[in-house]
Amino acid sequence: QVELVESGGGLVQAGGSLRLSCAASGRSFKNAAMGWFRQAPGKEREFVAVISMQSIIYFADSVRGRFTISRDNAKNTVYLQMDSLKPEDTAVYYCAARQDFYGLGLKLGEADYWGQGTQVTVSS
């Protein structure tokens with residue numbers, strides 16, 4: 001079974017940092033785009049960041065300059081480093097993957113696989 005498992009969420013004060021990890025199993029994701037989405041209470045799921053198989057990176061405007069996405073293909077893992085966190089970053093963060101050469105389909109939320117989510121709460 002293919003699984004994506006997120007970890008690293010928690011409670012942090014505004015201005016703080018968290019690093020999320022997404023460990024994939026069941027297959028190699030070396031040739032897949034991987035990314036992060038988030039969903040706040042009462043809101044739709046939104047794109048956060050995507051990294052393609054060739055490390056083309058896309059960020060949502062709301063997180064650009066504060067978040068960094070990276071991947072370690074040897075570990076079949078993707079990361080989201082979140083700095084300068086704001087209360088509006090509070091959400092459940094989901095990892096996703098898609099067989100998508102440039103990552104543009106995944107950026108639109110068209111994923112082949114989703115993780116279970118990890119809660120990020122930023123207090124003011």
Side-chain angles (χ1 to χ4, degrees):
Q1 287 273 28
V2 173
E3 286 190 320
L4 302 177
V5 180
E6 302 96 333
S7 62
L11 175 64
V12 65
Q13 292 184 347
S17 297
L18 286 172
R19 189 195 192 206
L20 306 184
S21 298
C22 172
S25 62
R27 57 158 286 181
S28 173
F29 284 86
K30 178 180 179 180
N31 295 317
M34 302 188 74
W36 294 91
F37 295 76
R38 66 188 183 185
Q39 187 168 23
K43 296 185 178 181
E44 296 293 320
R45 184 184 62 205
E46 66 174 348
F47 156 74
V48 175
V50 159
I51 183 166
S52 79
M53 60 185 289
Q54 295 189 359
S55 294
I56 300 169
I57 293 172
Y58 312 92
F59 290 109
D61 289 343
S62 59
V63 307
R64 186 176 291 111
R66 300 187 298 119
F67 291 11
T68 301
I69 188 170
S70 61
R71 65 192 297 164
D72 186 338
N73 289 334
K75 296 181 178 179
N76 223 21
T77 299
V78 64
Y79 305 95
L80 186 69
Q81 177 68 43
M82 305 185 293
D83 298 320
S84 301
L85 283 162
K86 304 175 180 179
E88 52 261 45
D89 295 318
T90 295
V92 177
Y93 283 70
Y94 296 92
C95 177
R98 174 181 167 85
Q99 206 67 35
D100 182 344
F101 190 87
Y102 293 109
L104 294 175
L106 181 57
K107 182 174 177 290
L108 296 174
E110 299 171 354
D112 296 323
Y113 305 100
W114 292 93
Q116 84 292 338
T118 186
Q119 177 70 47
V120 171
T121 302
V122 184
S123 65
S124 60

Give, for atom [atom1] of [X] and atom [atom2] of [Y], the distance between the pair rounded to the nearest 0.5 Å.
X      : Y     : atom1 : atom2 : answer
Trp114 : Arg98 : CH2   : CZ    : 11.0 Å
Arg27  : Gln99 : CZ    : CD    : 4.5 Å
Gln119 : Leu11 : CD    : CG    : 9.5 Å
Leu20  : Tyr94 : CG    : OH    : 13.0 Å
Lys107 : Ser52 : NZ    : OG    : 13.0 Å
Trp36  : Phe59 : CH2   : CZ    : 12.5 Å

Check whether any side-chain heavy atom of [X] lies under 4.5 Å from a side-chain heavy atom of [Y], and answer yes or no.
X      : Y      : value
Arg38  : Ser62  : yes
Glu6   : Tyr93  : no
Met53  : Lys30  : no
Asn76  : Ser28  : yes
Phe101 : Ile56  : no
Ile69  : Tyr58  : no
Glu110 : Asp100 : no
Tyr113 : Phe29  : yes

Do [X] and [Y] sit in one hydrophobic cluster, given that two such residues count as connected whenever their side-chain heavy atoms are within less than 4.5 Å of each other, even indirectly?
X      : Y      : value
Leu80  : Leu106 : no
Met34  : Phe67  : yes
Val63  : Tyr79  : no
Met82  : Ile57  : yes
Leu104 : Phe37  : yes

- prompt: Does Asp89 come within less than 4.0 Å of Lys86, counting only side-chain N to carboxylate O?
  reply: no
message: Does Glu3 have more than 12 heavy atoms from other residues, nucleotides or ligands lying within 6.0 Å of its CD?
response: no
Shortest non-hydrogen contact from [X] to [Y]?
X      : Y     : value
Thr118 : Gly9  : OG1-N, 3.2 Å
Ala24  : Leu4  : CB-CD2, 3.4 Å
Ser17  : Asp83 : OG-OD1, 2.7 Å
Leu18  : Leu85 : N-CD1, 3.8 Å

